[in-house]
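Contents: one structure, followed by commentary.
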Amino acid sequence: KKNNEPYQQRNDLYILNGVVLSGHDSFLLKNRMEKFKRSIIKDGIYCYPGKGTRPVVLRNSDINSHKAPFNHLNEKNFEALNKIIKTTNYIQIAAGLNYYSYTQNKNEDSEIDSSPLLMSLGLLLINYADYLNSINKKGIIIFEEETKKHDTMKLNYILKVLKFGNKTYNKDFFSNITAVYFRKKWTEETKDNFVTTAGLELADLTISPLRRMLDSEYLIIERK
């Protein structure tokens with residue numbers, strides 16, 4: 001919105017989405033995604049304007065807008081993507097808020113945190129830590145790298161929670177979260193040799209159904 005206009009879109013949601021994957025399941029997902037990419041474009045690589053030739057990145061917004069190289073997808077392609085999501089062994093966690101309600105209820109005396117990002121991130125951390133505790137396993141966090149401002153904000157918040165806990169849980173509750181990493185859409189392993197991170201792609205694909213809400217594609221995600 002423009003700074004001088006009132007906020008009108010009362011149903012706008014601010015959502016963070018994450019997926020929990022084991023190392024083995026991440027490896028299987030990577031292979032499935034690479035096979036799918038090769039099925040829609042030769043060798044699974046595409047010349048991105050201003051970036052050069054790189055592996056295709058699966059992004060919900062690009063697929064829904066039919067942006068190249070996804071401008072020729074057919075029903076069979078969507079079925080293949082749905083199958084990847086359905087057959088991958090992962091748990092999805094998401095947190096969000098109604099941005100209009102947030103802006104109306106936020107004031108100087110409110111206990112609401114200063115940022116929708118940190119409010120949603122706090123809930124994600126609790127859900128992730130709770131899951132790790134329930135299976136008695138250690139886990140790491142991998143974020144898609146964004147702006148330095150937002151990445152620093154996320155990192156500082158997480159480090160504070162890991163060191164001191166939050167208003168509801170002490171630091172021991174979060175002790176199974178052992179590290180935080182930030183990765184770009186493409187990671188350059190060697191010069192001009194890029195790879196993508198399958199878990200980040202899956203999180204992007206499942207932020208919302210690929211096409212139809214309340215249809216079979218939605219149910220696939222809901223079960224996770």
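It should be emphasised that the depicted structure is a prediction, and the values quoted were computed from it without experimental measurement. Atoms considered below: every heavy atom in the structure, side chains included; atoms not considered: hydrogens, waters and symmetry mates.
Cluster annotation: Val20 and Leu124 are assigned to the same hydrophobic cluster (Ile/Leu/Val/Met/Phe/Trp/Tyr, side-chain heavy-atom contacts under 4.5 Å, transitive). Both Tyr128 and Ile135 belong to a common hydrophobic cluster when Ile, Leu, Val, Met, Phe, Trp and Tyr are linked at side-chain heavy-atom distances under 4.5 angstrom. By the criterion of side-chain heavy atoms lying less than 4.5 angstrom apart, applied directly or through intervening Ile, Leu, Val, Met, Phe, Trp or Tyr residues, Val195 is not grouped with Val56; the two fall into different hydrophobic clusters. Placement of Phe27 and Ile91 in two distinct hydrophobic clusters is found when ILVMFWY residues are connected by side-chain heavy-atom separations under 4.5 Å, directly or transitively. Taken together through direct or relayed side-chain contacts under 4.5 Å among Ile, Leu, Val, Met, Phe, Trp and Tyr, Tyr14 and Met119 form part of one hydrophobic cluster.
Not a single donor-acceptor pair under 3.5 Å links the side chain of Lys224 to the backbone N or O of Val19. One N or O on the side chain of Ser134 and one on the backbone of Tyr131 form a donor-acceptor pair closer than 3.5 Å. Asp130 contributes no side-chain N or O that, together with a main-chain N or O of Ile126, makes up a donor-acceptor pair within less than 3.5 Å. No donor-acceptor pair under 3.5 Å is formed between the side chain of Asn176 and the backbone N or O of Lys138. A donor-acceptor pair is defined here as one N or O able to donate and one able to accept, closer than 3.5 Å; no such pair exists between the side chain of Asp204 and the backbone of Leu58. Side chain of Asn31 to backbone of Leu28: no donor-acceptor contact under 3.5 angstrom is found. A donor-acceptor pair under 3.5 Å is formed between the side chain of Asn170 and the backbone N or O of Asp172.
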What's the verdict on side chain to side chain contact (heavy atoms under 4.5 Å, CB included) for Lys185 and Arg59, showing C-alpha distance, side-chain angles and the deciding distance? CA-CA 10 Å; Lys185 290 183 178 69; Arg59 297 183 64 202; 3.5 Å; yes

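Put simply, the side chain of Met33 reaches to within 4.5 Å of the side chain of Leu202, judged on heavy atoms. In this structure, the side chains of Phe182 and Lys154 come closer than 4.5 Å at one or more pairs of heavy atoms. Between Phe36 and Asn77 the shortest side-chain heavy-atom distance falls below 4.5 Å. Using a 4.5 Å cut-off on side-chain heavy atoms (C-beta onward), Tyr90 and Thr206 make contact. When side chains are defined from C-beta on, Trp186 counts as touching Thr196, because their heavy atoms get closer than 4.5 Å. A 4.5 Å side-chain heavy-atom check between Ile141 and Leu125 finds at least one atom pair inside the cut-off. Within the 4.5 Å cutoff, the side chain of Leu219 has heavy atoms near those of the Arg223 side chain. Side chains of Glu188 and Phe194 form a contact here, defined as non-hydrogen atoms less than 4.5 Å apart.
One finds the CG atom of Asp25 at 4.5 Å from the CG atom of Asn89 (value rounded to the nearest 0.5 Å). The OG atom of Ser208 lies 9.0 Å from the CG atom of Asn17; values are rounded to the nearest 0.5 Å. Within the model, atoms CG of Leu162 and NZ of Lys171 stand 11.0 Å from one another, a figure rounded to the nearest 0.5 Å. The distance from atom CG of Asn60 to atom CD1 of Ile207, rounded to the nearest 0.5 Å, is 8.0 Å. Atoms CZ and CD1, from Phe78 and Ile63 in turn, are 6.5 Å apart once rounded to the nearest 0.5 Å. Taking CG from Leu121 and CD1 from Ile158, the interatomic distance works out to 5.0 Å, rounded to the nearest 0.5 Å.
Ala198 approaches Leu29 most closely through the heavy-atom pair O-CD2, 3.6 Å. When all heavy atoms are compared, the tightest approach of Ala94 to Asn127 is O-ND2, 4.5 Å. Ser115 and Met153 make their closest contact through OG-SD, 3.9 Å (heavy atoms, listed as atom of the first residue, atom of the second, distance). The shortest heavy-atom contact between Pro69 and Ile41 is CB-CD1, 3.9 Å. Closest of all the heavy-atom pairs between Ala129 and Phe174 is CB-CD2, 3.7 Å. Residues Ala95 and Ser120 share a closest heavy-atom pair of CB-O, 3.5 Å.
Ion pairing between Lys148 and Asp151 fails under the 4.0 Å rule for side-chain N and carboxylate O.
The salt bridge (Lys or Arg N to Asp or Glu O under 4.0 Å) test applied to Glu145 returns no partner, not counting sequence neighbours.
Tested against Glu201 for a salt bridge (Lys or Arg N to Asp or Glu O under 4.0 Å), the candidates Lys30, Arg183, Arg32, Lys37 yield a single pass: Lys37.
When hydrophobic side chains of Ile, Leu, Val, Met, Phe, Trp and Tyr are connected at separations under 4.5 Å, Leu200 ends up clustered with Ile140, Ile142, Tyr181.
Around the CG atom of Asn136, the shell of radius 6.0 Å holds no more than 12 heavy atoms that belong to other residues, nucleotides or ligands.
Ring pair Tyr46/Tyr48 is perpendicular by interplanar angle, where above 60° counts as perpendicular and below 30° as parallel.
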